[in-house]
Amino acid sequence: MSIDAQQLATLDAVVREGSFELAARALRVTPSAVSQRVKALEQSVGQVLVRRARPCRVTTAGEPLLRLAGQVALLEREAMGAARGTVGGSRVRATVVVNADSLFTWFLPALAALPADLALFDVREDDQDHTAELLRDGTAMAAVTSLDAPVQGCRSVRLGTMRYLAMAAPSGVDRWFARGAGAAAFAAAPVLVLNRKDQLQHRFLRAVARRHLDPPVHYVPSAWGFVQAVRLGLGWGLVPEQVARPDLDAGTLVDLAPGRHLDVPLHWQHWRLDSPLLRSLTAAVAAAAAAALR
């Protein structure tokens, strides 16, 4: 069975834009035409491919087709650019997903190092233990992830290790850790966490206390805001080493557990395609990571 290219592109637009109406606007057709194309593709496959919600989500059955749609679009645009002798006017929109701390510290210089006319980027943010999910469902073409085993249809490149230090403001040390950073102090002191997916602080606590602790939690869903909250004494948290060092030197933050740290290995996974964009992007990401990570 052959796959209708127009239907495939419409599926991609619905998931990327989040609704049939916005997909219609992006494709410059009517919402009825979008609905008919998706229904025709679903009938051909014999499976529901899109969850009609807000936003629309691809189903498990639709994931390989969504990934195929993105890959076809990338290869078509690069082939047209090569045929014309230029990539100008044929830039693909490259969706990549990155964990918050990499985005805050070292990742954006990798994009800035690329030629300005290479691609338009749609950068998504998620926890490093969950970024590979957007690779699996076909939404993203590449991801910074803690997962080393390649996602189906992807290549995996080890980037290095991001080291985290347990930090608190001097006022926080006086308030909660005056008698030392033992299990009792960590159980009572407020801890800062990015979101419900972020398990770094609790992993560190299990390693230090050798048992489960349930401290009070502040959620601060921004890498920059997270570090600011630590500096202001709202609680303690794990801060990337390259961010923590200047504060340590200035005395604005204190290392609660000198000699103890949490290391998170990071990998770059991307579609297994012979694509100039993916080659250039991977080289730039690897170079930026080599300069910033352990």
Side-chain angles (χ1 to χ4, degrees), residues 70 74 92-136 139-167 194-195 197-201 203-204 221-227 237-249 260-294:
L74 172 61
V92 69
R93 183 166 296 281
T95 300
V96 296
V97 56
V98 188
N99 62 303
D101 290 324
S102 292
L103 193 58
F104 180 46
T105 54
W106 64 269
F107 184 79
L108 289 178
L111 301 188
L114 293 167
D117 60 353
L118 182 65
L120 297 171
F121 290 101
D122 182 355
V123 181
R124 312 284 181 91
E125 180 185 301
D126 206 342
D127 184 85
Q128 66 273 353
D129 294 335
H130 297 268
T131 49
E133 293 173 6
L134 294 187
L135 279 176
R136 291 191 183 94
T139 302
M141 65 171 58
V144 176
T145 174
S146 60
L147 182 68
D148 60 342
V151 171
Q152 183 178 8
C154 294
R155 294 190 178 98
S156 180
V157 178
R158 182 178 173 86
L159 295 175
T161 298
M162 179 165 280
R163 174 162 291 182
Y164 291 87
L165 305 178
M167 309 296 288
L194 274 174
N195 53 48
K197 293 180 179 180
D198 180 11
Q199 294 297 310
L200 290 184
Q201 278 69 214
R203 283 167 55 187
F204 180 81
S222 154
W224 178 86
F226 180 99
V227 176
L238 291 177
V239 178
E241 181 181 37
Q242 56 266 57
V243 177
R245 287 299 175 194
D247 284 283
L248 283 171
D249 294 341
R260 302 294 297 267
H261 52 261
L262 182 69
D263 284 346
V264 177
L266 295 177
H267 303 263
W268 174 248
Q269 295 211 28
H270 63 85
W271 289 342
R272 192 186 294 119
L273 291 179
D274 184 15
S275 158
L277 167 60
L278 285 174
R279 285 198 300 271
S280 298
L281 179 58
T282 297
V285 168
L293 303 178
R294 286 178 171 265

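Because only heavy atoms are used, hydrogens play no part in the values below, and waters and symmetry mates are left out as well, while side chains stay in.
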### Task
May I ask you to decide if Thr131's main-chain N or O and Thr145's side chain share a donor-acceptor pair within less than 3.5 Å?
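The answer is no, because no donor-acceptor pair under 3.5 Å joins these two groups.
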### Query
Is a donor on one side and an acceptor on the other found under 3.5 Å between the side chain of Gln201 and the backbone of Leu238?
yes
Test item: [X] and [Y] side chains (from C-beta on) under 4.5 Å apart, heavy atoms:
| X | Y | value |
| --- | --- | --- |
| Met141 | Leu277 | yes |
| Glu133 | Val97 | no |
| Val123 | Val96 | yes |
| Thr95 | Arg124 | yes |
| Val285 | Val157 | no |
| Tyr164 | Val243 | no |
| His270 | Leu135 | no |
| Leu165 | Leu248 | yes |

#### Entry: Sequence neighbours excluded - salt bridge (charged side-chain N to carboxylate O under 4.0 Å, His left out) pairs with any residue from residues 142-167
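Pairs touching residues 142-167 that pass the test: Arg163-Asp263.
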Just verifying a value: how many Å separate [X] [atom1] and [Y] [atom2], rounded to the nearest 0.5 Å?
| X | Y | atom1 | atom2 | result |
| --- | --- | --- | --- | --- |
| Thr105 | Met162 | OG1 | CE | 3.5 Å |
| Arg136 | Leu147 | CZ | CG | 6.0 Å |
| Glu125 | His130 | CD | NE2 | 13.0 Å |

Do you know which two heavy atoms are closest between [X] and [Y], and how far apart they sit?
| X | Y | result |
| --- | --- | --- |
| Ala140 | Trp271 | O-NE1, 3.3 Å |
| Phe104 | Ala223 | CB-CB, 3.6 Å |
| Leu266 | Ser102 | CD1-OG, 3.4 Å |
| Thr161 | Leu293 | O-CB, 3.6 Å |
| Ala286 | Leu159 | CA-CD2, 4.1 Å |
| Ala244 | Met167 | CB-CE, 3.9 Å |

Quick one: side-chain contact (heavy atoms from CB on, under 4.5 Å) partners of [X], sequence neighbours excluded?
| X | result |
| --- | --- |
| Pro150 | Ser156, Gln269 |
| Pro246 | none |
| Asp247 | Arg231, Thr252, Leu253 |
| Leu194 | Ala100, Asp198, Phe226 |

### Message
Using the salt bridge (Lys or Arg N to Asp or Glu O under 4.0 Å) criterion, which residues pair with Asp127? Sequence neighbours excluded.
### Response
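None.
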### Task
Evaluate the criterion side-chain contact (heavy atoms from CB on, under 4.5 Å) for residue pair Arg294 and Glu241; output intermediate values, then yes/no.
CA-CA 10 Å; Arg294 286 178 171 265; Glu241 181 181 37; 2.8 Å; yes
### Message
Is there a side-chain contact (heavy atoms from CB on, under 4.5 Å) between Gln128 and Leu200? Walk through the geometry before answering.
### Response
CA-CA 10 Å; Gln128 66 273 353; Leu200 290 184; 3.5 Å; yes
### Task
Using a strict cut-off of less than 4.0 Å between a Lys/Arg side-chain nitrogen and an Asp/Glu carboxylate oxygen, indicate whether Lys197 and Asp129 qualify as a salt bridge.
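Salt bridge between Lys197 and Asp129, a charged N being under 4.0 Å from a carboxylate O: no.
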